[in-house]
Visitor: 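Provided herewith is a single structure, encoded as structure tokens, for subsequent inquiry.
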Amino acid sequence: MELGAGTGVVQGGTANAPDRILPPIAHEPTSQTGLRHVDGALSMARFDPGTADGDFFIIVGNLPGFDAGRAAPGDPGFAVFGRVIEGMDVVRAILAAPKSPTEGEGFMRGQMLDPRIRIVSARRVIVP
């Protein structure tokens with residue numbers, strides 16, 4: 001979803017497929033972790049705090065409004081859990097990829113990739 005010139009989010013994960021959804025995890029707001037929604041941050045998608053179950057998004061650009069307390073006082077924000085350390089050029093290309101004008105619901109209408117792009121690998125790397 002493009003949010004402005006050079007900024008947006010690339011969402012991935014289970015896409016609500018029943019056989020891929022994981023048990024919900026506890027919400028860890030940025031006010032507790034100290035992590036921020038900066039270029040390359042990985043964050044959990046959710047409806048309400050504590051409902052994240054397998055969907056995530058990658059931040060393109062800096063989006064501090066996704067951090068706890070930034071959109072409104074007391075707002076829990078979203079939970080950053082990692083960052084892209086290689087391949088942001090690929091993430092930016094995905095954000096710029098063609099979108100379907102009819103797929104998606106609500107604010108997501110017109111933001112769904114067409115054709116969809118499948119993430120085939122990702123790995124955890126501990127960075128000192």
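For the single chain, residues carry numbers from 1 onward in sequence order. All figures in this text were calculated on a predicted structure; none of them were measured in a lab.
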Visitor: Do F78 and V38 belong together in a cluster built from hydrophobic side chains that touch within less than 4.5 Å?
Guide: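 No; tracing contacts between hydrophobic side chains, which count when under 4.5 Å, never links both residues.
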Visitor: With ILVMFWY side chains joined below 4.5 Å, transitively, what does V80's cluster contain besides itself?
Guide: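 Members other than V80 - counting any ILVMFWY side chain reachable under 4.5 Å - are L35.
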Visitor: Please give me the minimum heavy-atom distance between A45 and Q11, naming the atom from each residue.
Guide: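 Shortest heavy-atom contact: CB-NE2, 4.0 Å.
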Visitor: Do Q111 side-chain atoms and E2 backbone N/O form a donor-acceptor pair below 3.5 Å?
Guide: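 Yes, because the side chain of Q111 sits within donor-acceptor range (under 3.5 Å) of the backbone of E2.
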Visitor: Ring pair (Phe, Tyr, Trp, His ring centres under 6.0 Å): which pairs involve residues 4-29, sequence neighbours left out?
Guide: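 Not a single pair qualifies under ring pair (Phe, Tyr, Trp, His ring centres under 6.0 Å).
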Visitor: Return the set of residues passing salt bridge (Lys or Arg N to Asp or Glu O under 4.0 Å) with R83 (not counting sequence neighbours), or none when no residue passes.
Guide: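 So R83 forms no salt bridge (Lys or Arg N to Asp or Glu O under 4.0 Å) with any residue.
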Visitor: Below 3.5 Å, can you tabulate the donor-acceptor pairs from side chains in residues 121-128 to any protein atom, sequence neighbours excluded?
Guide:
none

Visitor: Apply the test side chain to side chain contact (heavy atoms under 4.5 Å, CB included) to residues F66 and V9: give CA-CA distance (whole Å), side-chain angles for both, the deciding distance (0.1 Å), then the verdict.
Guide: CA-CA 11 Å; F66 286 36; V9 298; 3.8 Å; yes
Visitor: Could you work out the complete set of other residues in the hydrophobic cluster of L95, with links drawn between I, L, V, M, F, W and Y side chains under 4.5 Å apart?
Guide: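 Hydrophobic cluster check, L95: joined to V10, I25, L42, M44, F56, I58, V60, F81, V84, M88, V90, V91, I94, L113, I117, I119.
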Visitor: Grab the two heavy atoms, one from P76 and one from A68, that are nearest each other, plus how far apart they are.
Guide: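 What the structure gives for the nearest pair is O-CB, 3.5 Å.
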Visitor: Can you tell me which residue pairs pass the side chain to side chain donor-acceptor pair (under 3.5 Å) test with a partner in residues 38-66, sequence neighbours excluded?
Guide: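 Residue pairs passing side chain to side chain donor-acceptor pair (under 3.5 Å), neighbours aside: T14-D55, H37-S43, D39-R92.
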Visitor: Just so I know, are the side chains of R116 and E103 near enough to count as touching, which here means a heavy-atom distance under 4.5 Å?
Guide: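 Of all side-chain heavy-atom pairs linking E103 with R116, at least one is under 4.5 Å.
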